[in-house]
Every structure is written in C-alpha cells, then in structure tokens.
Amino acid sequence: MTTDAQILSALRSAENGGVSGAELAQQIGISRAAVWARIEELRQLGFEIEASPHLGYRLLDEPDLLLADDLLARLGRTKVIGRDIRVFAKTSSTNDVIEKLARDGVKEGVVVFAESQTKGRGRLGRQWVSPARKGLWFSVLLRPDLRPQETTQLTVAAATALWRAIHEQTGLQPEIKWPNDILIRGRKTAGILTELSAELDHVKYVILGLGLDVNMTANEFPADLRKTATSLRIESGKPVLRAELATAILRELDRDYARVCAGRFAAVADEWEEHCTTLGRSVSIHVGDRRIRGHAESLDEDGALLVRTEHGHLERIIGGDVTLDK
Amino acid sequence: MDIKDIKAIIDLMKKNSVSEFELERQDFKIKLKRGGNGSSPQVQYDEPPALAYLPTPQALTAPAATAPLAAVASNELEVKSPMIGTFYRAPSPESASYVEVGSEVNPDTVVCIIEAMKVMNEIKAEVKGVVTQVLVENAKPVEFGQPLFKVRPA
C-alpha cells in the first residue's frame, strides 16, 4: 500500500476520531515532516483533514473522487480483483486500456477506472454516455481457467455482484434484465460488456467492462435516454460516494469470481435467477434481422434464456437484443 | 435433436470415457470426437446446424451448406468458432465488415465477433493469408467448432 493509502486508512480507522502525527509517522515508518507533507497533498486533492493539538489529524470530509490509493485503502484484501488499481482522468474506453495491459502480460485482477470516457461503448459498438465524475466506468482483467463457452458464467457473476453491491450501498432493489443489465423501476442503471480473447479450447483473457450511472441527474442524461435510463442518485434521492460503491463492487466481484473459479457457478446462478425479472415476462428478441416473440420461461444451466415462442416451440436464446413487452 | 440432447451425449461420453460417437438419420448426421486427454469434444456436422434457433430457409442455402467439410482443399485452413453464439462480421451494424473474400489477413487480424450473452469474442485469423470464403451469414447462430472462414495461407 502506498503512503497516501496508509494515511487514509489510518485516519478512517482512528478510534477517538483522530490520530497524531507521531503515531502516523511510526505506523507508516516515515518522518513527521513527511506525514505533514502527505497530509498537505491530500488536502490539495480535496480531502478535508483537520489538525487539532489534542486529537491529532482528523478526516472530516472526502471528495467524490476516484484515486487509486484511496480505492486500494478502502478495498482491503481481496483474492484476485483489485490487487492493482489504476485511475485515468480521461481515456477512450477502459476496456481498451485493459486490452493493452492484457497483451503486455499483466496479471489478472488489475482494475482500470476512468473519470470520463470519450468512447465508452456497449454491445456492437453502441455508445455509452460517460460524463466526468458522474458514474463508475471501469474494467477488470481476468485470466480464468475456463473454456470459451464457460465465460458466460462470468457475465452472470458480474451481474449478481453488481446487484449485491448496489443493494448494500443504497438499499435499492435493482432488477437484473437478462443477461446482465441492471434496471431500477424498469430503467437501465448499469451495463456490463465482456470481451474475450480465446483460442478454440482455452481462454487467453477476459475483460469485464462495467458502466454504472451513479450521480447523474435527470437533465444530465441525453434527451433520448431519459425514459429508459436512470441513476442511483435519481432513484435513491441522494448522491452516492463513488469510491465506497466502487470498492463494494470490487469486493463482491472478487467473491463471485472465486465462486465461478471453484466450480460453484450453480450458487451464483441461483442468486441471479432470484433477481432476474425477465422470467415470466413476454419478450421480443432481435438477432440480426430475425425477431422472436414469446414468453420467457426459464434459464438453463448455462444461463441461456428459454423462450416459448408464439408457435409453441421452446427456443434457447443466447444473444440478441431483448425487449420486455408491456 | 437439439442442443440439450447433444450436451447429454457429450456428458455421457465424458462419464464413460467414450471417445467417438456417430449418429446417422435420414437427413441428419452428427459425429462427436473427444481428445484422449480429457479435452473438450469436437463437434462435426454434415449439415449446417441451426440448433440454438429454428432453421430459416436462408440458413439452408448459406454457403456452408454447399461446402461440406470433406471438400476442404488441403492447402486451405478454416477459422473455427470457439463457442456457441451469434456471428457478427462487423463491430457494429454501421461498420464495414472486418474482412471480405480476398482480404489479406495476419495472425492477429480480427475477422469477426462471436457473441454469447454479451460476451463478445473477437476471433483472430491465427494465420497469415487470404480469405477465400465466408461460410456464415452475419447475425446467424454458430456452433462450437463450426468453420467460419476459409483462409489460403500465404
């Protein structure tokens, strides 16, 4: 952990509200002057740190910023995800950054956040609006020992992890739309795009890209999205501290990734099914120029959607655009 | 026969260490082979499979139907799908296709995307050469191991 991360961690866990410069210096193994200099740096970044003669340094307020050190300090220990965190002020797309790291042979678990993306994207090149500091746009590099066909388990796992983190941090009850969109009151709040590099029988790497509308207000959405998209702030009525939410998501992702890798996908899938509101609904699916209409009956063991068509056939859906009919 | 049945057969093959399975009916033939080291089964069809979706008339007249595996010229290589999914020839509907017949490719050239449940798999040519055939139509379902392109190595 870096010095800044250690200082923030110590300030947050200070029992009587403060920690003295001497204690900090001793804990971290640097001089008191160095502690003072680091505290000044943190203040420059927007952390409100009070220095009182009796209580020492106290953390009064934190900026809604994503800082790699801060995220590491909040995250604590995880098995794989978040061992290395990098934050970019602006990039084309965090998936692009991770792809470069993957090709350079970087170990799995690295997470790249961007405060804004110029080319945030969804499925099939669709644009993902990612305004500065309003959401969480990040990607995770994984190198699972799975066959290409099994990587759909990871998109299911990502959706359940995201569901738990949002629920825990905001108290909201999101819904999962098959396969892994997160909706609140029927409006999209988060999307997951997974990119895979694989050979015929093994996975080289998987890039899990997550986009989450956190603190956008209604008028910050483009007009054409206002009826179909929403943010956690709009739904919960208050702003959300993104660093706290981000680390909650990474912790849950780490947990579900471990479950998938240990062959316990069935447990993840049960949880997913519990929150998947697509089941029991009338749906339309567009695949290329083909349209399938029917009733979403159930999920099979791989997470594919089984749809009873108008003609009475049971079709196994693994892709395409799914629309929930009213 | 649908995908469930095939999976059931594969599972039975695994359980009983059966390495080869062949079934022939009037208009359908399937052959399954497993590697000896427990690797995943290779599926070979004598007909373009349309198992995940109902077959459409177009699918049956797709080039794949006229190019049975046996007829592959020995000097041409096939780019195969590593997973069941939907085949996309371009990164977005508005974009140009990654490759066309006649395109020169390198091992790292992306030739298409296979999607399954929002997992987008960029398929690379894995060989240097020239694309001689596109075997699947855009946005159609493909099976594990199904040939997607033919490439004449340079």
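All chains are named by letter (A, B, ...) in the order of the sequence lines, taking the proteins before the strands, and each is independently numbered beginning at 1. Values below: all heavy atoms of this structure, side chains included; hydrogens, waters and symmetry mates excluded.
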Hey, is CZ on A/Arg308 packed in by over 12 heavy atoms from elsewhere, all under 6.0 Å?
yes
Q.
For B/Tyr98 together with B/Phe149, are the ring centres under 6.0 Å from each other?
A. no
Whatever's closer than 4.5 Å to a heavy atom in chain A on B/Ser81 counts as backbone
Q: Keeping the roles fixed (side chain from A/Glu108, backbone from A/Arg143), state whether a donor-acceptor pair exists under 3.5 Å.
A: yes
The interface call for A/Thr155 against chain B, heavy-atom contacts under 4.5 Å, is side chain
If one checks every heavy atom of B/Asn121 against chain A at 4.5 Å, the contacting part turns out to be both
Exercise for the section: Begin with the C-alpha distance, continue with both residues' side-chain angles, and end with the deciding distance and a verdict on side chain to side chain donor-acceptor pair (under 3.5 Å) for A/Asp256 and A/Thr160. Expected result: CA-CA 8 Å; A/Asp256 274 357; A/Thr160 55; 2.4 Å; yes
**Prompt:** Sub-3.5 Å donor-acceptor pair from the side chain of B/Thr86 to the main-chain atoms of A/Gly319, do we have one?
**Reply:** no
Chain A shares the most heavy-atom pairs under 4.5 Å, among B/Glu126, B/Glu122, B/Met120, B/Glu115, with B/Met120
Does A/Trp178 reach the main-chain N or O of A/Gly303 with its side chain, forming a donor-acceptor pair under 3.5 Å? yes
From the list A/Thr194, A/Val206, A/Leu305, the residue making the most non-hydrogen contacts under 4.5 Å with chain B is A/Thr194
Most heavy-atom pairs under 4.5 Å with chain B, out of A/Arg123, A/Glu150, A/His202, belong to A/Arg123
Most contact-rich option vs chain B, by heavy-atom pairs under 4.5 angstrom, among A/Ile207, A/Ile192, A/Leu208, A/Leu154, is A/Ile192
